[in-house]
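Order of the sequence lines sets the chain letters (A, B, ...), proteins ahead of strands, with each chain counted from 1. Basis for what follows: all heavy atoms, side chains included, without hydrogens, waters or symmetry-related copies.
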Amino acid sequence: MTHERFKHLLLKVVDGVASDKERQEFLAHIRSCEECRCEYGEFRNLEELMSTIKLKDLSEDARAAYARSLYNRLERGLGWIFLSLGAILLLGFGGFMLIKEFIINPAVSVILKIGVCAVLAGLIVLLVSVLKERLFVRKYDKYSKEVKL
Amino acid sequence: MVDMNTADAEAIRLTLSGDKDAFAVIVARYTERAYRMALYVLGNEQDAMDVSQDAFIRAYRNLNRFDTNRPFFPWFATILRNLCYNFLRRRKRKQAYNIEDFQIAEPSSPSSPSSEPCSGIAVETKVALNNALSKLSPQDREIIGKFYFEDLSYKKIADELGVPIGTVMSRLYYARKHLKDRMLKGER
Ligand SMILES: [Zn+2]
């Protein structure tokens, strides 16, 4: 015998949201079903216990510490963004200068220049492709749903 | 409720226009709720602090994508919930909660021992409840938290979790059953 239906009824009766008809039906059922009767008793005990218990509120100190820590982390995040932007700019500029020196240097053979340029071009294409993939994935990640709400 | 949403929207508009302090209003208003939501899923205080802060940071960074015509908290709660479950997935040791961290206030009145003919909840103490809660699955604890500590109706929980009421009832049934069984066993 399945009790699935009576489990929902039990819940409604315990939580006081059952209709009179549902209540009658459930009470009639537990007269003949010991399993549901015991369970009903246990659920009611749990309700009694839970009604006497509440979570502690955060203390003023805890809230203040929370806010402080949050703003520190926000600030650090900004720091990282500036640092990365700066580093990318410097590296890009440095790299550009190096390559320029290399290309205009008449002592280096043309073959070597072409080889190095091809390797660099390959690296750039790969990098752009990876970045595109990352950005694409981000657009469709699990956060996109709540953002569109 | 409308006033609160209007106030939130105003604070968000100010934040977006560069007023850094405006976001503090939002944080102050929702710290407690965010922390508790995270606590239900994660089961310990430190992780709940960290992950709920992550959620505020994530919300702050994505604020320009938030539609100010809608209430802030549901949007934020989705971010927070995703972060909580991602965190658990990364942590993997899902059962390793520190029971001391699940804070429960002392009962306001001593609960009376039951006179039911069947088995009663023997150890009706804060410790036993703490212990039992700390051993529930995150999903069970989340719904228990919403139902008992946030006092939300089936309907509200269904809205927050984005599932039908019938599913909420089934989950609540099993979550309470698990909680009750843990308390009966009083296992360590
Ligand atoms: Zn039955």
A.B. asks: Judged by modelled atom types alone, do Tyr66(A) and Glu32(B) share a side-chain donor-acceptor pair under 3.5 Å?
C.D. replies: no
A.B. asks: When hydrophobic residues are tied together by side-chain contacts of less than 4.5 Å, even through go-betweens, does Leu63(B) share a cluster with Val25(B)?
C.D. replies: no
A.B. asks: Quick check: is Val110(A) connected to Phe102(A) through a chain of hydrophobic side chains (ILVMFWY, heavy atoms under 4.5 Å apart)?
C.D. replies: no
A.B. asks: What's the shortest heavy-atom distance between Arg63(A) and Ala28(B), and which atoms?
C.D. replies: NH2-O, 2.8 Å
A.B. asks: Measuring from atom CZ of Arg36(B) to atom CG of Leu58(A), what distance do you get when rounded to the nearest 0.5 angstrom?
C.D. replies: 8.5 Å
A.B. asks: Any chance you could measure Asp57(A), atom CG, to Tyr35(B), atom OH, to the nearest 0.5 Å?
C.D. replies: 10.5 Å
A.B. asks: Might you confirm whether atom CD1 of Ile111(A) has over 12 heavy atoms from other residues, nucleotides or ligands at distances under 6.0 Å?
C.D. replies: no
A.B. asks: Within the structure provided, determine whether Lys180(B) and Asn45(A) are in side-chain contact (heavy-atom separation under 4.5 Å).
C.D. replies: no
A.B. asks: Would you kindly confirm whether Val163(B) and Leu152(B) end up in one hydrophobic cluster when ILVMFWY residues are joined by side chain heavy atoms under 4.5 Å apart?
C.D. replies: yes
A.B. asks: So what's closer than 4.5 Å to chain A heavy atoms on Tyr60(B): side chain, backbone, both or neither?
C.D. replies: side chain
A.B. asks: Just how far is it from atom CZ of Arg73(A) to atom CG of Asp50(B), taken to the nearest 0.5 Å?
C.D. replies: 5.5 Å
A.B. asks: Let me check something: do Ile26(B) and Leu14(B) share a hydrophobic cluster, defined by ILVMFWY side-chain heavy atoms less than 4.5 Å apart, either directly or through other members?
C.D. replies: no
A.B. asks: Is Tyr85(B) in contact with chain A via its backbone, its side chain, both, or neither, using a 4.5 Å heavy-atom distance?
C.D. replies: neither
A.B. asks: So for Asp151(B), is it side chain, backbone, both, or neither that comes closer than 4.5 Å to the heavy atoms of chain A?
C.D. replies: neither
A.B. asks: Are Tyr174(B) and Phe147(B) connected into the same hydrophobic cluster when the rule is that any two of I, L, V, M, F, W, Y join if their side-chain heavy atoms are below 4.5 Å apart?
C.D. replies: yes
A.B. asks: Would you check if Val17(A) and Met169(B) make a side-chain contact, meaning some heavy-atom pair closer than 4.5 Å?
C.D. replies: no
A.B. asks: Of the backbone (N, CA, C, O) and the side chain (C-beta and beyond), which part of Ala24(B) lies under 4.5 Å from a heavy atom of chain A, both, or neither?
C.D. replies: both
A.B. asks: At a 4.5 Å cut-off on heavy atoms, which part of Tyr71(A) comes close to chain B: side chain, backbone, both, or neither?
C.D. replies: side chain
A.B. asks: Is Glu42(A) paired with Lys177(B) through a side-chain N to carboxylate O contact shorter than 4.0 Å?
C.D. replies: no
A.B. asks: How about Tyr173(B) and Glu39(A): does a side-chain donor come under 3.5 Å of a side-chain acceptor?
C.D. replies: yes
A.B. asks: Ser170(B) versus chain A, heavy atoms under 4.5 Å apart: side chain, backbone, both or neither?
C.D. replies: both
A.B. asks: Among Val14(A), Asp15(A), Leu74(A), which residue forms the greatest number of heavy-atom pairs with chain B at distances under 4.5 Å?
C.D. replies: Asp15(A)
A.B. asks: For the residue pair Gly77(A) and Arg61(B), what are the closest heavy atoms and their distance?
C.D. replies: CA-NH2, 3.4 Å
A.B. asks: For Asn105(A), is the CG atom crowded, meaning more than 12 foreign heavy atoms sit under 6.0 Å from it?
C.D. replies: yes
